[in-house]
Amino acid sequence: MSKKVLVISSSLRNKSNSEILARQAAKGAEDAGHDVEFITLKDKTLNFCKGCLACQKTMRCVIRDDASEICEKVGNAEDS
């Protein structure tokens, strides 16, 4: 049974040990037959929360950065 797997590398350096490990995890999931998406945070714009709590009313963040897209991908991945 194939699952949607999301692997996120948070390393800021190219070819770091953390990124290599994340890519190997993604490869292992692909080899097991899963649908894998790999993203790295090093080229993403992520800003700090302003604490305005608007998200609690609108279910959307007022900050326009890449966090919303990443959160959507996390929500679409399947848990084990």
Side-chain angles (χ1 to χ4, degrees):
M1 175 183 229
S2 178
K3 293 202 177 225
K4 292 170 81 174
V5 175
L6 177 65
V7 177
I8 301 174
S9 172
S10 61
S11 177
L12 299 178
R13 295 185 304 117
N14 287 328
K15 299 181 182 175
S16 69
N17 290 336
S18 304
E19 184 172 312
I20 291 168
L21 182 62
R23 289 195 183 277
Q24 287 298 311
K27 183 181 180 313
E30 278 182 351
D31 291 347
H34 300 293
D35 179 26
V36 178
E37 182 174 2
F38 181 92
I39 61 173
T40 180
L41 299 184
K42 68 180 159 226
D43 59 352
K44 304 290 186 209
T45 301
L46 301 170
N47 297 307
F48 289 101
C49 175
K50 295 179 181 188
C52 67
L53 303 178
C55 59
Q56 292 182 0
K57 296 176 186 169
T58 64
M59 300 305 290
R60 297 194 57 79
C61 183
V62 298
I63 301 171
R64 299 295 171 232
D65 62 6
D66 295 319
S68 295
E69 176 188 346
I70 294 167
C71 287
E72 184 176 328
K73 290 177 187 238
V74 169
N76 289 333
E78 297 179 69
D79 57 8
S80 54

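Computed from a prediction, not measured in an experiment: that's the story for all the values here.
Applying the salt bridge (Lys or Arg N to Asp or Glu O under 4.0 Å) test to every pair with at least one member in residues 43-69, sequence neighbours left out, gives these pairs: Glu69-Lys73. Sorted by first and then second residue, the salt bridge (Lys or Arg N to Asp or Glu O under 4.0 Å) pairs involving residues 12-29 (not counting sequence neighbours) are Glu19-Arg23, Glu19-Lys42, Lys27-Asp31.
Nearest approach of His34 to Ser2, heavy atoms of both residues: CA-OG, 3.6 Å. Closest approach of Lys3 and Glu78 over heavy atoms only: CA-OE2, 3.5 Å. Among all heavy-atom pairs drawn from Ala54 and Val62, the shortest one is CB-CG1, 3.7 Å.
When hydrophobic side chains of Ile, Leu, Val, Met, Phe, Trp and Tyr are connected at separations under 4.5 Å, Ile20 ends up as a singleton with no cluster partners. Hydrophobic cluster membership for Val5: Val7, Val36, Phe38 (Ile, Leu, Val, Met, Phe, Trp, Tyr linked by side-chain heavy atoms under 4.5 Å, directly or transitively). With side-chain heavy atoms closer than 4.5 Å counting as contact, directly or through intermediates, the hydrophobic cluster containing Ile8 also holds Leu6, Ile39, Leu41, Leu46, Ile70, Val74.
One distance of note links OG of Ser11 with CG of Leu21; it measures 11.0 Å at 0.5 Å rounding. Put simply, OG1 on Thr40 and CG on Asn14 are 8.0 Å apart, with the number rounded to the nearest 0.5 Å.
In this structure, Ser18 has no side chain to side chain donor-acceptor pair (under 3.5 Å) partners at least two apart in sequence or on a different chain.
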